[in-house]
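Structure first, then comments.
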Amino acid sequence: SAYVGADITSGILASRLHERKGTTLFVDIGTNGEMVLAADGRMTATSTAAGPAFEGMNIACGMRAAVGAIERFKIGLQGDAHWTTIGGGRATGICGSGLLDIVAQLVVHGVIDPQGRFKGPTGLPPLLGERLQRRDGKRVFVLTGEVILTQKDVRQVQLAKGAVRAGIEYLLASQGLDAGSVDRVLIAGSFGYHVRASSLLGIGLLPAEFEGKVEMVGNTSQSGGQAFLLSRAYRREMADTVGRISVVELANHRDFEKVFVRCLGF
């Protein structure tokens, strides 16, 4: 398919998805959320337009995964905020994994409501509430004097999350399955290698039924591409496997927009 291509094909072969028993969902998270559902070797694929938020783009203080980027974030019992940066120095921005951690923690601790709006500081622990400030008349969450999370940033995460979750819902429905039927979930991509499963579950990008079933498998498009270059047998296997995959074209489903809107909430 036009949007289900070499990356996901490499991922299938690198993870040996076509040989796994039971039901496995493979998701490569990037600008496109490409995914394959394998049920005892029978494979169905689709792709959703997640956008660049998970790569730190279109985010007020977003940046690539480089020195100074916040990559981990957690809120303590007293509302105290803790984060780590790539390289261990001062924070200069937020990369994709850090962004997802921040939003997930703010959702779990009630700073962001289920509709994705910042709440007021009332009722929050003082250490947490004081980070909710106004900049240019709009409420933001302040990490440092320079690094903030805006309402627009949260909306970008919602759009990306909603697209991927809607794709998962459609893929399962196309095979007459529900989330509880999935035995394991493989998260791929360079972003997927660093993100925490708890954050994916915390914002609802993955259904709650996937808890305890998620495995990070790294950049399988790269490892699969390397194998493609080194092995003629691998190339033949890849060509044979592609011929056995059916594709769900989400654009052909009239009610996709309704499902997408339903999946926007945290």
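- Both Ile112 and Leu159 belong to a single network of hydrophobic side chains, linked directly or stepwise wherever heavy atoms of I, L, V, M, F, W or Y lie under 4.5 Å apart.
- A 6.0 Å sphere centred on CD of Glu146 holds no more than 12 heavy atoms belonging to other residues, nucleotides or ligands.
- A donor-acceptor pair is defined here as one N or O able to donate and one able to accept, closer than 3.5 Å; no such pair exists between the side chain of Lys138 and the backbone of Gln151.
- Classification of the Phe73-Trp83 ring pair by plane angle, with boundaries at 30° and 60°, yields parallel.
- Heavy-atom minimum distance, Cys263 versus Glu169: SG-CG, 4.1 Å.
- The hydrophobic clustering, which links ILVMFWY residues whose side-chain heavy atoms are closer than 4.5 Å, places Phe26 and Ile245 together.
- Side chain of Asp40 to backbone of Gly22: a donor-acceptor contact under 3.5 angstrom is found.
- No side-chain donor-acceptor contact under 3.5 Å links Asp7 to the backbone of Ser10.
- Using a 4.5 Å cut-off between side-chain heavy atoms of Ile, Leu, Val, Met, Phe, Trp and Tyr, with links allowed through other members, Phe266 and Phe54 fall into the same hydrophobic cluster.
- A salt bridge links Arg244 with Asp240: the closest approach of a Lys/Arg side-chain nitrogen to an acidic carboxylate oxygen falls below 4.0 angstrom.
- Checking side-chain atoms of Arg139 against main-chain N and O of Arg117 turns up no donor-acceptor pair under 3.5 Å.
- In this structure, Glu211 places its CD atom where only 12 or fewer heavy-atom neighbours from other residues, nucleotides or ligands lie under 6.0 Å away.
- Nearest approach of Asp153 to Ala60, heavy atoms of both residues: OD1-N, 2.9 Å.
- For the pair Arg165/Pro207, a side-chain contact is recorded, criterion being any heavy-atom separation below 4.5 Å from C-beta on.
- Across Leu149, Leu143, Ile86, Thr84, a single residue satisfies side chain to side chain contact (heavy atoms under 4.5 Å, CB included) together with Ile70, and that is Leu143.
- Each of Leu128, Ile75, Leu127 was scored for a side chain to side chain contact (heavy atoms under 4.5 Å, CB included) with Asp80, with one residue passing: Leu127.
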Derivation of the side-chain contact (heavy atoms from CB on, under 4.5 Å) call for Gln133 and Ile148:
CA-CA 10 Å; Gln133 301 175 16; Ile148 62 173; over 6 Å; no
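- With Ser15 contributing its side chain and Gly11 its backbone, the two residues share a donor-acceptor pair below 3.5 Å.
- Of the possible polar contacts, one joining the Arg235 side chain to the Leu229 backbone as a donor-acceptor pair under 3.5 Å is found.
- Side-chain atoms of Gln158 come within 3.5 Å of backbone atoms of Gln115 as a donor-acceptor pair (strictly under, hydrogens ignored).
- Listed for the Thr46 side chain is no donor-acceptor partner under 3.5 Å among the backbone atoms of Leu171.
- Enclosure of atom NZ in Lys74 is not indicated, since only 12 or fewer non-hydrogen atoms of other residues, nucleotides or ligands lie within 6.0 angstrom.
- Taking the side chain as every heavy atom from C-beta outward, Gln78 and Pro125 never approach each other to under 4.5 Å.
- A 4.5 Å side-chain heavy-atom check between His18 and Val36 finds every atom pair outside the cut-off.
- Cluster annotation: Val259 is connected to Leu37 through the hydrophobic network of ILVMFWY side chains, with a link wherever side-chain heavy atoms come within less than 4.5 Å.
- Annotation: the span from Thr220 atom OG1 to Ile12 atom CD1 amounts to 9.5 Å, rounded to 0.5 Å.
- Taking the six-membered ring where the residue is Trp, the centroids of Phe256 and Tyr170 are separated by under 6.0 Å.
- Judged by distance alone, the side chain of Asn32 and the main-chain N or O of Glu34 form no donor-acceptor pair under 3.5 Å.
- Closest approach of Thr144 and Ala91 over heavy atoms only: CG2-CB, 4.2 Å.
- When all heavy atoms of Cys95 and Ala65 are compared, the closest pair comes out as CB-CA, 3.9 Å.
- Both Val103 and Phe118 belong to a common hydrophobic cluster when Ile, Leu, Val, Met, Phe, Trp and Tyr are linked at side-chain heavy-atom distances under 4.5 angstrom.
- Remark: side-chain polar atoms of Asp183 are not paired, donor with acceptor, to backbone N or O of Thr24 under 3.5 angstrom.
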